[in-house]
Amino acid sequence: MAYSVPDLPYDYAALEPHIDEQTMRIHHDKHHQAYVDNANKALDGTEWSDRPVEDVLAALDRVPEDKRTAVRNNAGGHYNHSFFWRLLKKNEGGKPSGELAKAIDKTFGSFSAFQDKLTDSATKVFSSGWAWLVFSAGNLGVTTTPNQDSPVSKPNQKEIPIIGIDVWEHAYYLKYQNRRPEYIKAFWNVINWDYAAERYADALKTS
Ligand code: MN
């Protein structure tokens, strides 16, 4: 089964005013579609074409070398964006609760210290990439990846994304132009904390 772009679990305008409708339309319908089309093209005819995208990304070193860069970029883009759409939901200034909140406090000292750290990391990503809260080897951590590299691809050190912020210009330029920090500030208003908590609970089960 070739990959396809999942429907957004909300309306294109649902994240207004933090993330605008036009950005969501182009980001989801055009950018994500292009990653899917190019991933399918790269994997077509290989033994990997029917495998879940996480499995392909976790085994990039075994993907045929002439396809590897295209798969890394485009299957990575497909995985990262499929995660990102589900992670978003207007939260009206909400914060995490339950086990995830406890783990954030324990790891970073407080929610606001965590917020500062992820904000700082996202602000400093040079050019295009992502900043993440990941679960790895029993711990939470903040990390960044360039391009569409995905935490699930890190060799010998599987990292499970709990939160991810896309800081490619296509994610914010229509509304925020060069003002990435304003977009990152807005991002804190559109995190679906229930989904992040669910990811954390699932990650705990695998550790
Ligand atoms: Mn993007």
Side-chain angles (χ1 to χ4, degrees), residues 2-43 52-54 56-58 60 68-91 118-134 142-154 159-192 195-196 199:
Y3 300 136
S4 58
V5 178
D7 288 340
L8 284 182
Y10 39 74
D11 191 79
Y12 290 100
L15 309 174
E16 292 267 8
H18 308 292
I19 300 179
D20 59 294
E21 177 178 352
Q22 195 192 2
T23 295
M24 289 301 288
R25 285 189 184 279
I26 295 172
H27 199 176
H28 176 271
D29 295 3
K30 305 293 183 190
H31 289 278
H32 191 166
Q33 188 66 56
Y35 294 125
V36 162
D37 293 345
N38 289 320
N40 287 337
K41 208 189 310 177
L43 291 170
V53 67
E54 295 91 322
V56 175
L57 291 171
L60 269 182
R68 201 174 297 151
T69 300
V71 171
R72 178 180 188 154
N73 290 337
N74 293 290
H78 175 44
Y79 176 86
N80 292 342
H81 287 84
S82 299
F83 167 66
F84 190 60
W85 308 134
R86 292 195 63 188
L87 180 73
L88 301 181
K89 183 188 179 183
K90 224 166 16 170
N91 66 28
L118 185 61
T119 295
D120 188 53
S121 296
T123 306
K124 287 178 177 161
V125 171
F126 182 71
S127 188
S128 298
W130 293 72
W132 307 92
L133 174 69
V134 295
V142 167
T143 188
T144 63
T145 56
N147 307 313
Q148 292 299 348
D149 286 3
S150 188
V152 296
S153 291
K154 296 221 172 151
E159 294 183 346
I160 300 170
I162 309 296
I163 292 175
I165 175 166
D166 183 350
V167 293
W168 281 59
E169 282 184 347
H170 69 222
Y172 61 86
Y173 208 85
L174 291 177
K175 182 176 172 74
Y176 296 99
Q177 291 84 46
N178 60 324
R179 303 186 304 279
R180 187 193 286 182
E182 277 182 42
Y183 158 71
I184 295 168
K185 197 172 171 196
F187 171 75
W188 291 101
N189 295 308
V190 292
I191 299 173
N192 182 343
Y195 182 59
R199 300 274 309 187

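Both ligands and their constituent atoms are indexed starting at 1 by order of listing.
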Please determine whether the number of non-hydrogen atoms from other residues, nucleotides or ligands lying under 6.0 Å from atom CG of Asp11 exceeds 12.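 For Asp11, atom CG is crowded (more than 12 foreign heavy atoms under 6.0 Å).
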
Counting only heavy atoms not in Gln22, do more than 12 fall under 6.0 Å of its CD?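 Not more than 12 within 6.0 Å, no.
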
Do you know which of Tyr183, Phe83, Phe187 makes side-chain contact (heavy atoms from CB on, under 4.5 Å) with Asp166? Tyr183

Please determine which of Pro52, Pro161, Ser153 meets the side-chain contact (heavy atoms from CB on, under 4.5 Å) test together with Tyr79.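 Of all the options given, the one that passes is Pro161.
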
Distance below 2.8 Å from the Mn ion (ligand 1): protein N/O/S atoms: His27 NE2, His81 NE2, Asp166 OD2, His170 NE2

Parallel, tilted or perpendicular: which describes the rings of His27 and Phe84, with under 30° parallel and over 60° perpendicular?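 Correct class here is tilted.
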
Candidate pair Tyr35 and Asn80, rule side-chain hydrogen bond (donor to acceptor under 3.5 Å, both in side chains), full reasoning: CA-CA 10 Å; Tyr35 294 125; Asn80 292 342; over 6 Å; no

